[in-house]
Engineer: 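I'd like to ask you about the structure that follows.
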Amino acid sequence: MENPSDAVVTSAVVEAPVVLEEALPARIIDIAKFEGKRVQLKGWLYNIRSSGKILFLQVRDGSGIIQAVMVKKEVGADLFNLAKGLGQEASVIITGVVRADERSSIGFEMSVDGLELVCNSVDYPISPKEHGTDFLLDHRHLWLRSKRQHAILRIRAEIIRACRNYFDEHGFLLIDSPILTPAACEGTTTLFGTDYFDQKAYLSQSGQLYAEASAMAFGKVYCFGPTFRAEKSRTRRHLMEFWMIEPEMAYIDLDDNMAVQEDFVETVVQTVLKNRMDDLKTLERDTTFLEKVKKPFYRVHYDEAVERIRKKGFEFPWGEDFGADVEAALTEDFDKPFFVHRFPAKVKAFYMKRDPERPELALCSDLLAPEGYGEIIGGSQREDSYDELIGRIREHGLPEEAFSWYLDLRKYGSVPHGGFGLGLERTVAWICGLHHIRETSPFPRLLNRMNP
RNA sequence: UGCGCUGUAGCUCAACGGUAGAGCAACCGGCUGUUAACCGGUAGGUUAUAGGUUCGAAUCCUAUCAGCGCAGCCA
């Protein structure tokens, strides 16, 4: 700047007609609308590749990933070197012009003309190469930033939305059940205990009993919330904490109950296929089985299921509940979800109504997903007779006092009723085609794992 | 809780009784169309922990700890 002639040249550049137009705030998901426009993206650096005088920045903003191309001679050495030194997951605000490009997987790229470093990221633990699940679960808070997890969690959100919409649009009222409860709902599984001032309390394992009370008040209701099981199960189908949607309906029988379930499940699956095909592709999900999820679903009586199992070579005594191997073998027979109904009452919960034609059977059903996924719904018609129900409670050795309010429902205008519970995470695993349930939850609670 | 499997560099793995190695990540350098980029170089280790067998142990044995898989339970 000592030389006055330099100043003249500098000001000439500033006032030249190459002044950039204002950058429009944009998100990658609707980048197509901005073709030819200069935009501003706020995001994180997903990956970076360098070719000497040209940089390829993979930038994600939570809605998608775009390749932003930076050329050294266009942006100058300072900015170029700054960008070159960025770490994976550095937060950046970039500006540039959007243009169509056939080489891009999303059809568009961006030519960068500006980059602001918000915060650098040094030694990011999750590299683009493969990692073990244990390591990834330790870094779940960062793992959430990767493509595959985005696809799964978007599908999860879509499934939740579809579930809520279905019941909201079919005359059900949302009535949430309490999470802190005084006693076991079903009396079988182990519960997480906690302290309720000077009283013992438990985390809810099901909202069903409360849903029944609500159904007697509003006719058709559903609850949707977390449930907790303290079972020490370590399998690919179990979580300690999971979400369950539990509709309950007054004046229905077992057949009505199954009809609602198949209509509901068909709607949820078809909605995901319609709205989240990109994410299913990211997961490389073969959707042929999902396309077939249309009613009616098959209805297999327990007696028939036992016959099918025996034909497959299992020595299966009538009266038992199905183990995992038997259940998986049974799903081989069907190309879409199917019901197994009327299980022997002695292997089922105390509140289920008996089949009047065969009192050794319960009016219940499980809905099993194909492709080996197995049970996603358990449902039943509930016992509506006071005398029958109190007999069951005594047979099971349950504390009568704790169930007095539940018995009241059979005292004051009892009606035939029923409902079911759909396990959200199992449904997500099935629709996404996942091997293990743990990726279906943003922060899964597993045996021996509560962090992060 | 039972049975089985596994703990080696930040990560994914190799070395299977004889000097602990590779790819990726990190760092330095090269490259104007890369897309799990590539090429060259540097650094990185009390082989989960504690005992034992052996001239010699990552490797064989025992215990402990941690993780994974399957089962039971269920959604």
Side-chain angles (χ1 to χ4, degrees), chain A residues 46-59 65-74 80 84-85 87-89 101-106 109 111 121-139 142-143 146-148 185-191 205-208 224-246 320-328 347-349 366-369 373-379 420-430 435-438 440-441 446-449:
Chain A
Y46 193 76
N47 199 0
I48 183 167
R49 282 183 281 273
S50 125
S51 255
K53 298 185 180 68
I54 182 167
L55 283 182
F56 302 97
L57 307 164
Q58 315 294 323
V59 176
I65 298 176
I66 194 168
Q67 174 157 280
V69 184
M70 184 184 272
V71 178
K72 192 172 187 176
K73 70 177 180 189
E74 289 174 8
F80 189 84
K84 201 173 174 179
Q88 193 187 344
E89 289 298 325
D101 194 309
E102 284 180 0
R103 291 166 292 191
S104 159
S105 59
I106 59 165
E109 280 189 356
S111 297
S121 164
V122 179
D123 293 337
Y124 186 70
I126 301 178
S127 70
K129 287 271 179 168
E130 55 194 57
H131 298 279
T133 337
D134 191 44
F135 174 82
L136 289 169
L137 283 171
D138 282 341
H139 297 83
L142 302 175
W143 191 17
S146 68
K147 267 187 210 167
R148 179 183 161 82
C185 279
E186 303 184 9
T188 49
T189 51
T190 321
L191 303 180
Q205 62 162 189
S206 166
Q208 184 202 312
F224 193 11
T227 51
F228 308 87
R229 306 273 166 97
E231 290 292 332
K232 295 203 168 181
S233 36
R234 195 212 326 264
T235 77
R236 70 178 93 152
R237 310 196 325 282
H238 289 86
L239 294 170
M240 304 301 109
E241 177 182 325
F242 64 96
W243 281 60
M244 192 154 61
I245 188 157
E246 295 175 282
E320 298 280 296
D321 206 349
F322 299 145
D325 51 345
V326 164
E327 191 180 284
V347 300
K348 288 292 176 181
D366 284 354
L367 182 68
L368 309 197
Y373 280 93
E375 186 175 357
I376 53 169
I377 289 181
F420 59 93
L422 173 130
L424 174 67
E425 285 79 3
R426 283 190 185 175
T427 305
V428 176
W430 164 48
H435 174 71
H436 201 293
I437 199 169
R438 61 195 156 203
T440 64
S441 171
L446 301 158
L447 191 65
N448 299 328
R449 179 181 287 285

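Convention: sequence-line order gives letters A, B, ...; per-chain numbering from 1. Source: prediction; values computed, not measured.
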Engineer: Run the salt bridge (Lys or Arg N to Asp or Glu O under 4.0 Å) test against A:R236 and tell me which residues pass, sequence neighbours left out.
Structural biologist: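 Expected list: none.
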
Engineer: Looking at residues at least two apart in the chain, or sitting in another chain, which of them share a side chain to side chain donor-acceptor pair (under 3.5 Å) with A:S111?
Structural biologist: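 Here the qualifying residues are A:R99.
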
Engineer: In whole Å, what separates the C1' atom of B:U8 from that of B:U49?
Structural biologist: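 One C1' to the other, the span is 14 Å.
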
Engineer: Considering residues at least two apart in sequence or located in another chain, which fulfil the side-chain contact (heavy atoms from CB on, under 4.5 Å) criterion with A:A328?
Structural biologist: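 Testing A:A328 for side-chain contact (heavy atoms from CB on, under 4.5 Å), a comparison that skips the adjacent residues, returns none.
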
Engineer: Could you encode protein contacts along nucleotides 22-33 of chain B as a string, one character per nucleotide from 5' to 3', using B for base contact, S for sugar-phosphate-only contact and - for no contact, with a heavy-atom cut-off of under 4.0 Å?
Structural biologist: -SSSS----BBB

Engineer: Say we look at B:G7 and B:U46: how far apart would their C1' atoms be, to the nearest angstrom?
Structural biologist: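 Looking at atom C1' only, B:G7 and B:U46 are 16 Å apart.
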
Engineer: Rounded to the Å, how far apart are A:K147 NZ and B:A36 P?
Structural biologist: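 In whole Å, B:A36 P and A:K147 NZ are 8 Å from each other.
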
Engineer: With P as the reference atom in both, quote the distance from B:A20 to B:G33 in angstrom, rounded to an integer.
Structural biologist: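 Between the two P atoms, the distance is 44 Å.
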
Engineer: When the P atoms of B:A57 and B:A48 are considered, how many whole Å apart are they?
Structural biologist: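 Those two atoms are separated by 15 Å.
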
Engineer: Write down the distance between CH2 (A:W430) and C1' (B:A75), rounded to a whole number of angstrom.
Structural biologist: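 Checked: the CH2 to C1' distance equals 14 Å.
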
Engineer: Expressed in whole Å, how much space separates the C1' atoms belonging to B:C13 and B:A25?
Structural biologist: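 So the two C1' atoms sit 15 Å from each other.
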
Engineer: Can you check each nucleotide of nucleotides 67-72 of chain B against protein heavy atoms at under 4.0 Å and return B for base, S for sugar-phosphate only, - for none, in 5' to 3' order?
Structural biologist: SBBBSB

Engineer: Would you name the heavy atoms of A:Y124 and A:L142 that are closest together and state the gap between them?
Structural biologist: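 In terms of heavy atoms, the two residues are closest at OH-O, 3.2 Å.
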
Engineer: Work out how far the P atom of B:A43 is from that of B:G21, and round it to whole angstrom.
Structural biologist: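 Per the computed distance, 13 Å lies between those P atoms.
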
Engineer: If I take atom CZ in residue A:F224 and atom C1' in nucleotide B:A75, what distance separates them, rounded to the nearest angstrom?
Structural biologist: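 Whole-Å distance recorded here is 12 Å.
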
Engineer: Between B:G18 and B:C11, how many Å separate the two P atoms, rounded to a whole number?
Structural biologist: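 One P to the other, the span is 26 Å.
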
Engineer: How is A:D366 classified with respect to the nucleic acid when contacts are heavy atoms under 4.0 Å: base, sugar-phosphate, or nothing?
Structural biologist: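 The residue A:D366 makes no contact with any strand.
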
Engineer: How long is the line joining CG of A:L368 and P of B:A75, in whole Å?
Structural biologist: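 These atoms are roughly 12 Å apart.
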
Engineer: Checking A:S104 now: which residues fulfil side chain to side chain donor-acceptor pair (under 3.5 Å) with it, not counting sequence neighbours?
Structural biologist: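 With sequence neighbours excluded, A:S104 shows a side chain to side chain donor-acceptor pair (under 3.5 Å) to no residue whatsoever.
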
Engineer: Who passes side-chain contact (heavy atoms from CB on, under 4.5 Å) against A:K147, sequence neighbours left out?
Structural biologist: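 A:K147 satisfies side-chain contact (heavy atoms from CB on, under 4.5 Å) with A:Y46, A:I65 only.
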
Engineer: Identify whether any heavy atom of A:F242 sits under 4.0 Å from a base atom; if not, whether one sits that close to sugar-phosphate; answer base, sugar-phosphate or nothing.
Structural biologist: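 The residue A:F242 makes base contact.
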
Engineer: Nearest whole angstrom, please: distance from the C1' of B:A75 to the CG of A:D321.
Structural biologist: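 Interatomic distance, CG of A:D321 to C1' of B:A75: 13 Å.
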
Engineer: In sequence, state the C-alpha distance, the side-chain angles, and the governing distance for A:L137 and A:W143, and then conclude on side-chain contact (heavy atoms from CB on, under 4.5 Å).
Structural biologist: CA-CA 8 Å; A:L137 283 171; A:W143 191 17; 3.8 Å; yes

Engineer: Quick one: ring pair (Phe, Tyr, Trp, His ring centres under 6.0 Å) partners of A:H238, sequence neighbours excluded?
Structural biologist: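 So A:H238 forms no ring pair (Phe, Tyr, Trp, His ring centres under 6.0 Å) with any residue.
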
Engineer: Please state the C1' separation for the pair B:G45 and B:A9 - nearest whole angstrom.
Structural biologist: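 The answer is 6 Å between these two C1' atoms.
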
Engineer: My understanding is that only residues two or more places apart in sequence, or in another chain, count here; which of them pass salt bridge (Lys or Arg N to Asp or Glu O under 4.0 Å) with A:E425?
Structural biologist: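 Salt bridge (Lys or Arg N to Asp or Glu O under 4.0 Å) list for A:E425, sorted by chain: A:R156.
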
Engineer: Please classify the glycosidic conformation of B:C38 as syn (within 90° of 0) or anti (everything else).
Structural biologist: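 Anti for B:C38; the angle lies over 90° from 0.
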
Engineer: Which whole-number value in Å describes the distance from A:I65 CD1 to B:A36 P?
Structural biologist: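 Roughly 12 Å, once rounded to whole Å.
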
Engineer: Go through the structure and list residues passing side-chain contact (heavy atoms from CB on, under 4.5 Å) with A:E375, not counting sequence neighbours.
Structural biologist: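 side-chain contact (heavy atoms from CB on, under 4.5 Å) check on A:E375 returns A:E327, A:D366, A:L368, A:R426.
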
Engineer: Remember a base hit wins even if backbone is also touched, and classify A:I126 as base, sugar-phosphate or nothing at under 4.0 Å, heavy atoms.
Structural biologist: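 Counting heavy atoms under 4.0 Å across all strands, no contact is made by A:I126.
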
Engineer: Could you pull out all residues at least two apart from A:D134 that satisfy side-chain contact (heavy atoms from CB on, under 4.5 Å)?
Structural biologist: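 By the side-chain contact (heavy atoms from CB on, under 4.5 Å) rule, A:D134 matches A:D138, A:R449.
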
Engineer: Without decimals, in angstroms, what is the distance between A:L424 CG and B:A75 P?
Structural biologist: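 Taking CG of A:L424 and P of B:A75, I get 15 Å after rounding.
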
Engineer: What is the distance, to the nearest angstrom, from the CD atom on A:Q208 to the C1' atom on B:A75?
Structural biologist: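 Checked: the CD to C1' distance equals 13 Å.
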
Engineer: Kindly say whether A:T235 contributes a backbone atom to a donor-acceptor pair with the side chain of A:S233 at under 3.5 angstrom?
Structural biologist: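 Checked: no pair found.
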
Engineer: Can you tell me if A:Q88 uses its side chain to pair, donor with acceptor, with the backbone of A:I126 under 3.5 Å?
Structural biologist: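 Yes; judged by distance alone, with no hydrogens or angles, the pair exists.
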
Engineer: Would you write out the dot-bracket form of RNA chain B, 5' to 3', with Watson-Crick and G-U pairs under 3.5 Å, [ ] for crossing pairs, | for pairs to other strands and . for unpaired bases?
Structural biologist: (((((((..((((....[..)))).(((((.......))))).....(((((..]....))))))))))))....

